[in-house]
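Since the structure is predicted, the reported quantities are computational estimates derived from the model, not experimental observations. In what follows, residues are counted from 1 in the order of the sequence shown.
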Amino acid sequence: MGLYSGKRDKKAKIKRKIIAGCMAALVGMAVLCAIAPAFSTQDRSGGNHFRGKAAIWIQGQMNRMYLPVFAFLEEETGIHKSPLEWLEGILLNQALVYQYSEEQAGMQVSIEDEDTYDLLIRQEGTDEERKGVEDGSLEYGEDALHIDRDLEKAMMEENNSYNENQEEEEEKEEEEEVQVQEDEKEKNGEEMEFQKAGKKSYEYDWGSIREYEDIVSAFYAIDSTTSITDDQLNLENLLGKDMKIEGDTEKPQILIYHTHSQEAFADSVEGDISTTIVGAGDRLARILTEKYGFSVLHHTGQYDVEARDYAYSNALPAIEQVLAENPSIEVVIDLHRDAVAEGRKLMVNLQGRPTAQFMFFNGLSRTRSKGDISYLENPYINDNLAFSFQAQVACNEYYPGLARRIYLKAYRYNMHLKAKCMLIELGAQTNTVEEIMNACEPLAHVLAKVLYGETGAQAREAAGVEIEQ
């Protein structure tokens with residue numbers, strides 16, 4: 001027992017010495033950081049003053065006293081560096097795993113050479129499906145207000161006037177009649193028709209969604225590689241922009257295309273493009289045209305056949321040419337499908353129809369560590385944010401639970417081409433073609449609500465936000 005106690009005391013003494021040495025090193029480095037700027041002034045010719053040389057001598061003495069390791073390195077190499085410079089070199093040369101993780105997190109924003117730029121473009125082409133957020137954080141919880149109404153609201157509805165109750169009864173009877181008709185169709189093997197929602201299932205109380213944290217909590221999932229502030233995520237910016245389009249319907253107004261045209265679904269038929277994301281684009285374009293009166297151009301170019309690495313850079317010239325040839329286009333939609341773990345399905349039951357969930361996606365051209373990516377500039381970021389936000393509002397109000405959270409990520413994803421650019425993730429690889437095609441109808445209705453200007457006007461009035469001039 002005595003021997004064990006002695007070893008423990010010896011270890012405790014060594015530990016105290018190590019702590020004391022570290023503290024001395026920290027103090028020494030703090031002193032160096034504080035005095036270094038005062039001795040680094042150069043004259044106009046670029047030469048150091050006498051005090052600069054004195055600073056080097058003082059630094060050397062302090063190295064020997066407080067940081068002998070750095071003094072040894074300087075004597076061995078004959079190179080004078082500050083402790084911070086030595087430390088930076090050691091860390092960068094030894095911590096290769098750290099360097100790699102930084103690169104994979106999308107931290108590189110320097111465009112010093114073509115290789116760096118090439119790496120970034122490749123990452124942009126392949127990382128759209130990778131999610132730098134906690135699992136499940138893209139989904140709304142069961143307690144979200146726009147999914148389940150709270151008790152107070154239910155109690156208020158019970159206390160409505162007789163006339164309101166009577167109106168609800170009449171509406172209920174109409175809904176039951178429609179349900180009977182649908183049941184009859186299903187019984188006869190006929191396809192049930194989608195009924196676009198005539199009234200809101202939920203309406204936002206904008207007075208309680210004013211702060212940045214409240215807006216993020218209610219609408220967004222932010223990838224770990226990027227960041228955003230209340231300069232952009234505020235109601236004035238998100239609701240203050242009018243998304244209404246008024247162009248001539250004789251000319252194309254909306255462009256739908258697919259950066260990842262090869263994306264398919266659980267029961268897609270190999271070689272049958274109509275069962276892929278391109279087929280979903282055909283259906284969405286047809287619904288927007290036939291039911292909502294828009295003029296839609298569906299571009300079916302393929303940019304990811306051999307590999308996804310350069311899909312966005314491959315697609316960019318072609319889409320720019322389409323827009324140049326059709327200057328009437330105001331809205332650009334890049335339609336994708338997401339990737340999730342096998343066994344997981346993004347699906348809800350909507351009007352008795354299995355319907356794939358979808359997600360609106362924004363690229364911010366900004367990394368968390370370095371800020372804005374200047375060479376992936378997007379002058380329409382705020383407009384893009386307003387477009388997806390108003391679409392999310394419309395979906396949550398008319399089809400609660402159908403849309404996942406808006407996802408914000410670091411790169412640009414060719415969303416700089418128009419003010420009304422949108423990237424949509426429609427379902428995932430585990431969804432069936434039927435679920436995907438069923439989702440196109442409520443998605444088209446949501447987009448129409450925004451592009452008619454209805455959602456923005458109603459939300460601005462409710463929130464007391466003025467339209468941006």
For Tyr220 and Arg405, what are the C-alpha separation, side-chain angles and deciding distance, and is it a side chain to side chain contact (heavy atoms under 4.5 Å, CB included)?
-> CA-CA 5 Å; Tyr220 290 97; Arg405 292 179 181 276; 5.8 Å; no
Under the side-chain hydrogen bond (donor to acceptor under 3.5 Å, both in side chains) criterion, do Gln351 and Glu193 qualify, and how do the steps go?
-> CA-CA 9 Å; Gln351 301 176 5; Glu193 293 182 3; over 6 Å; no
Evaluate side-chain hydrogen bond (donor to acceptor under 3.5 Å, both in side chains) for Ser274 paired with Asp272, printing each intermediate quantity in order.
-> CA-CA 5 Å; Ser274 69; Asp272 184 356; 2.6 Å; yes
Show your working on side chain to side chain contact (heavy atoms under 4.5 Å, CB included) between Ile319 and Leu255 and close with a plain yes or no.
-> CA-CA 9 Å; Ile319 303 307; Leu255 169 66; 3.9 Å; yes
Let me see the working for Glu441 and Leu350 under side chain to side chain contact (heavy atoms under 4.5 Å, CB included), right down to the final yes or no.
-> CA-CA 11 Å; Glu441 294 195 85; Leu350 182 65; over 6 Å; no
Given Asn414 and Asp334, is the side-chain hydrogen bond (donor to acceptor under 3.5 Å, both in side chains) satisfied, shown in steps?
-> CA-CA 9 Å; Asn414 290 342; Asp334 187 5; over 6 Å; no
Check step by step if side chain to side chain contact (heavy atoms under 4.5 Å, CB included) holds for Asn234 and Tyr212.
-> CA-CA 7 Å; Asn234 58 74; Tyr212 168 83; over 6 Å; no
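By the 4.0 Å N-to-carboxylate-O rule, Lys345 lies close enough to Glu435 to be salt-bridged with it. Ionic pairing of Arg353 and Glu434 is not present here: no N-O contact between side-chain nitrogen and carboxylate oxygen is shorter than 4.0 angstrom.
Judged by distance alone, with hydrogens and angles left aside, the side-chain atoms of Asn378 form a donor-acceptor pair with the main-chain N or O of Met415 at under 3.5 Å. Listed for the Gln390 side chain is a donor-acceptor partner under 3.5 Å among the backbone atoms of Leu238. Checked by atom type and distance alone, the side chain of Asp267 never pairs as donor or acceptor with a backbone atom of Thr432 at under 3.5 Å. In this structure, the side chain of Tyr292 does not engage the main chain of Lys449 through any donor-acceptor pair within 3.5 Å. Within the 3.5 Å criterion, the main-chain N or O of Asp372 finds no donor-acceptor partner in the side chain of Arg366. Here the side chain of Gln357 pairs a donor or acceptor atom with the backbone of Gly401 at under 3.5 angstrom. No side-chain donor-acceptor contact under 3.5 Å links Thr226 to the backbone of Asp223. The main-chain N or O of Ile373 is never found under 3.5 Å from a side-chain atom of Ser365 such that the two would form a donor-acceptor pair. With hydrogens and angles disregarded, no donor-acceptor distance shorter than 3.5 Å links the side chain of Asp230 to the backbone of Leu233. Panel note: side chain Arg337, backbone Glu263; no donor-acceptor pair is recorded below 3.5 Å.
The number of heavy-atom neighbours closer than 6.0 Å to CD of Glu211, taken from other residues, nucleotides and ligands shown, is 12 or below.
Every residue two or more places apart in sequence or in another chain was checked for a side-chain hydrogen bond (donor to acceptor under 3.5 Å, both in side chains) with Asn314, and none qualifies. The salt bridge (charged side-chain N to carboxylate O under 4.0 Å, His left out) test applied to Arg286 returns no partner, not counting sequence neighbours.
Here the closest heavy-atom approach between residue Met359 and residue Asp338 is recorded as CE-OD2, 3.8 Å. Here the closest heavy-atom approach between residue Ala439 and residue Ala356 is recorded as CB-O, 3.2 Å. The shortest heavy-atom contact between Ala285 and Val296 is CB-CG1, 3.7 Å. Across every non-hydrogen atom of Ser261 and Thr276, the tightest pair is O-OG1, 4.3 Å. Considering all non-hydrogen atoms of both residues, Asn362 and Ser388 come closest at OD1-OG, 2.6 Å. Thr430 and Ala266 make their closest contact through O-CB, 3.7 Å (heavy atoms, listed as atom of the first residue, atom of the second, distance).
For residues 460-469, the salt bridge (charged side-chain N to carboxylate O under 4.0 Å, His left out) pairs, not counting sequence neighbours, are Lys241-Glu468.
Side-chain atoms of Ile287 and His445, non-hydrogen and from C-beta on, never get closer than 4.5 Å to each other. Leu447 is listed as a side-chain neighbour of Met422, based on a closest heavy-atom distance under 4.5 Å. Side-chain contact check for Gln232 versus Leu408: every heavy-atom pair is 4.5 Å or farther apart. You'll find the side chain of Val450 reaches within 4.5 Å of the side chain of Phe387, heavy atoms only. Within the 4.5 Å cutoff, the side chain of Ser328 has no heavy atoms near those of the Gln253 side chain. Proximity of Ile222 to Ser227: side-chain heavy atoms (C-beta onward) are nowhere separated by under 4.5 Å. Contact check for Leu235 versus Arg210: side-chain heavy atoms found under the 4.5 Å cut-off. Counting heavy atoms from C-beta on, the side chains of Thr275 and Phe265 never come closer than 4.5 Å.
In summary, the aromatic rings of Phe361 and His336 are positioned with their centroids too far apart to meet the 6.0 Å limit. Between Tyr452 and Phe294, the ring center distance clears the sub-6.0 Å criterion. Proximity of the aromatic rings of Phe219 and Tyr204 is defined here by a centroid distance below 6.0 angstrom, and this criterion is met.
With rounding to the nearest 0.5 Å, the separation of CE in Met347 from CD1 in Ile436 is 11.0 Å. Put simply, OG1 on Thr259 and OH on Tyr312 are 5.0 Å apart, with the number rounded to the nearest 0.5 Å. Considering NE2 of His258 and OG1 of Thr300, their distance stands at 7.5 Å, rounded to 0.5 Å. Separating the CG atom in Leu288 from the CG atom in Leu443 is a distance of 7.5 Å, to the nearest 0.5 Å. With rounding to the nearest 0.5 Å, the separation of CG in Leu346 from CG in Asn431 is 5.5 Å. In this structure, CD1 in Ile277 is found 5.0 Å from CG in Leu426, a value given to the nearest 0.5 Å.
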